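Heads up: numbering here begins at 1 and tracks the sequence. These numbers come from a predicted model, not from an experiment.
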Amino acid sequence: MSTAHGTTTPPGMPGPRPWSADPYSDALVTGRGPLFLRRTDGWLLPLEVERWCAQADAVDLTVLARCEGTVLDVGCGPGRLVAELAARGRPALGIDVSEAAVAHTARLGGQALRRSVFEPLPGEGRWDTALLLDGNVGIGGDPAALLHRMAQLLTPRGLLIVETLADVDVDERVSVHIVGVADPRSTAGPAFPWARLGTPALLRHAARAGWHREGQWSAGGRSFVALRNRDGRDGPDDRDDRDDRDDRNSRSTSSAAEPPNSTAVINNQRARKPSPESPVANR
């Protein structure tokens, strides 16, 4: 996490970079929190800094085992996933608006750019896999706009892997600040839009945007959805029929959790990220 942009900045335009705020940068330097997203009503969402700053863990590895070809990690944070892919000889790039996050990724041996997902990026339309993990489906507070942008970045039939809130049907837009433990009611930088999605909500947004559901699974208390980009040959009627089937299926089935070649090698990773499903209410 994360490549968010400011509340008044439309996608594609430079603007405030909330994740460059000092509490976030300081947390990445120390490798620990606590750190929160604070809603305007005082609600707090814990951010899992320790897990993000550790190595890729067993759950992360099940996700990376599904990646195809070149990989773009959107909101790469301190770079554990990019670094793990690089160590395996996989071509991967992370993007993040935080200078501290990009520097941390480079120190781990990964490649990263300080860039918003809504800004021009290398290889647009040629990435085989893109990742929106650790709550980064919330970037920009507009899931439809984000899914549209991801479709532009991926190849036709490219793979998008998204982490959603576990075991809940949430479709929420909020305005938040990043705050640290010293004074959770203080703010650092401008408020910015964020979104929180459970799996059913993501599948609804994806179906409307023409994505095809490839699978969904849970591991280690985290939930994931794999989506397949349009191949450019789909007609509107085909998409509508498929979307209806996907919507019915999403309410009744879930695909197998682990890919066949996913040996769970534990590389001790950060404890667990923003635990979106377990907000800390009104502190």
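- Of the inter-residue distances, the one linking Tyr24 atom OH with Glu99 atom CD reads 13.0 Å to the nearest 0.5 angstrom.
- Here Glu119 does not pair with Arg114 in a salt bridge; the nearest charged N to carboxylate O distance is not below 4.0 Å.
- Within 6.0 Å of atom CD in Gln111, 12 or fewer heavy atoms from other residues, nucleotides or ligands are found, so the atom counts as exposed in its surroundings.
- Salt-bridge formation is not detected for the pair Arg32/Glu50: no Lys NZ or Arg NE/NH1/NH2 atom is positioned less than 4.0 Å from an Asp or Glu carboxylate oxygen.
- Contact of the Ile139 side chain with the Val117 side chain is registered, since non-hydrogen atoms from C-beta on lie closer than 4.5 Å.
- Note: Arg39 CZ to His177 NE2 = 14.0 Å, rounded to the nearest 0.5 Å.
- In this structure, Thr129 contributes its side chain and Leu72 its backbone to no donor-acceptor pair below 3.5 Å.
- Using a cutoff of 4.0 Å between basic side-chain nitrogens and carboxylate oxygens, Arg222 and Asp60 are scored as salt-bridged.
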message: Please determine whether side-chain contact (heavy atoms from CB on, under 4.5 Å) holds for the pair Leu159 and Leu154, giving the CA-CA distance in whole Å, both sets of side-chain angles, and the decisive distance to 0.1 Å.
response: CA-CA 7 Å; Leu159 182 67; Leu154 285 166; 5.9 Å; no
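- Taking all atoms of both residues into account, the shortest heavy-atom contact from Ser116 to Leu121 is O-CD2, 3.9 Å.
- Counting heavy atoms from C-beta on, the side chains of Cys67 and Leu131 come closer than 4.5 Å.
- The closest side-chain heavy-atom distance from Arg157 to Asn229 is not below 4.5 Å.
- No side-chain heavy atom of Arg115 sits less than 4.5 Å from a side-chain heavy atom of Val97.
- In this structure, Glu172 CD and Leu197 CG are separated by 9.5 Å, a value rounded to the nearest 0.5 Å.
- Looking at Trp194, its side chain never comes within 3.5 Å of a backbone N or O of Asn136 through a donor-acceptor pair.
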query: Can you list the steps and then say if Ser223 with Ser218 is a side-chain hydrogen bond (donor to acceptor under 3.5 Å, both in side chains)?
result: CA-CA 4 Å; Ser223 295; Ser218 297; 3.3 Å; yes
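- Between Leu202 and Pro143, the closest side-chain pair of non-hydrogen atoms is not below 4.5 Å.
- Within the 4.5 Å cutoff, the side chain of Leu47 has heavy atoms near those of the Leu37 side chain.
- Put simply, the side chain of Leu160 reaches to within 4.5 Å of the side chain of Leu132, judged on heavy atoms.
- Salt-bridge formation is detected for the pair Glu124/Arg149: a Lys NZ or Arg NE/NH1/NH2 atom is positioned less than 4.0 Å from an Asp or Glu carboxylate oxygen.
- Rounding to the nearest 0.5 Å places CG of Leu203 at 7.0 Å from CG of Leu227.
- Ala112 and Cys76 get closest at one heavy-atom pair: CB-SG, 4.3 Å.
- Within a 6.0 Å sphere centred on CZ of Arg173, other residues, nucleotides and ligands contribute more than 12 heavy atoms.
- Asp169 has a carboxylate O that lies under 4.0 Å from a charged side-chain N of Arg204, or vice versa, which qualifies the two as a salt bridge.
- Counting only distance, with no hydrogens or angles, the side chain of Asp128 and the backbone of Thr70 share a donor-acceptor pair below 3.5 Å.
- The heavy-atom pair separating Gly31 from Cys53 by the smallest distance is CA-SG, 3.8 Å.
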task: I would like to know whether Phe192 and Ile178 meet side-chain contact (heavy atoms from CB on, under 4.5 Å); could you show each step before the answer?
output: CA-CA 9 Å; Phe192 59 95; Ile178 301 172; 3.9 Å; yes
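- Residues Leu81 and Val102 are members of separate hydrophobic clusters, defined by side-chain heavy-atom contacts under 4.5 angstrom among Ile, Leu, Val, Met, Phe, Trp and Tyr.
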task: List the steps, then state whether side-chain contact (heavy atoms from CB on, under 4.5 Å) holds for Val82 with Leu108.
output: CA-CA 9 Å; Val82 176; Leu108 293 180; over 6 Å; no
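- Using modelled atom types and a 3.5 Å distance limit, the side chains of Asp231 and His212 yield no donor-acceptor pair.
- Atom-to-atom distance recorded for Arg196:CZ and Leu165:CG is 5.0 Å, nearest 0.5 angstrom.
- When all heavy atoms of Leu93 and Pro122 are compared, the closest pair comes out as CD2-CG, 4.3 Å.
- Rounding to the nearest 0.5 angstrom, the gap separating the CG atom in Leu64 from the CZ atom in Arg88 is 6.0 Å.
- Annotation: side chain of Phe224 is not in contact with side chain of Val162 (no heavy-atom distance under 4.5 Å).
- Contact detail for Trp217 and Val225: the closest heavy-atom pair is CZ3-C, 4.3 Å.
- Nearest approach of Pro23 to Val179, heavy atoms of both residues: CB-C, 4.4 Å.
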- request: Show your working on side-chain contact (heavy atoms from CB on, under 4.5 Å) between Val176 and Leu45 and close with a plain yes or no.
  value: CA-CA 9 Å; Val176 295; Leu45 173 65; over 6 Å; no
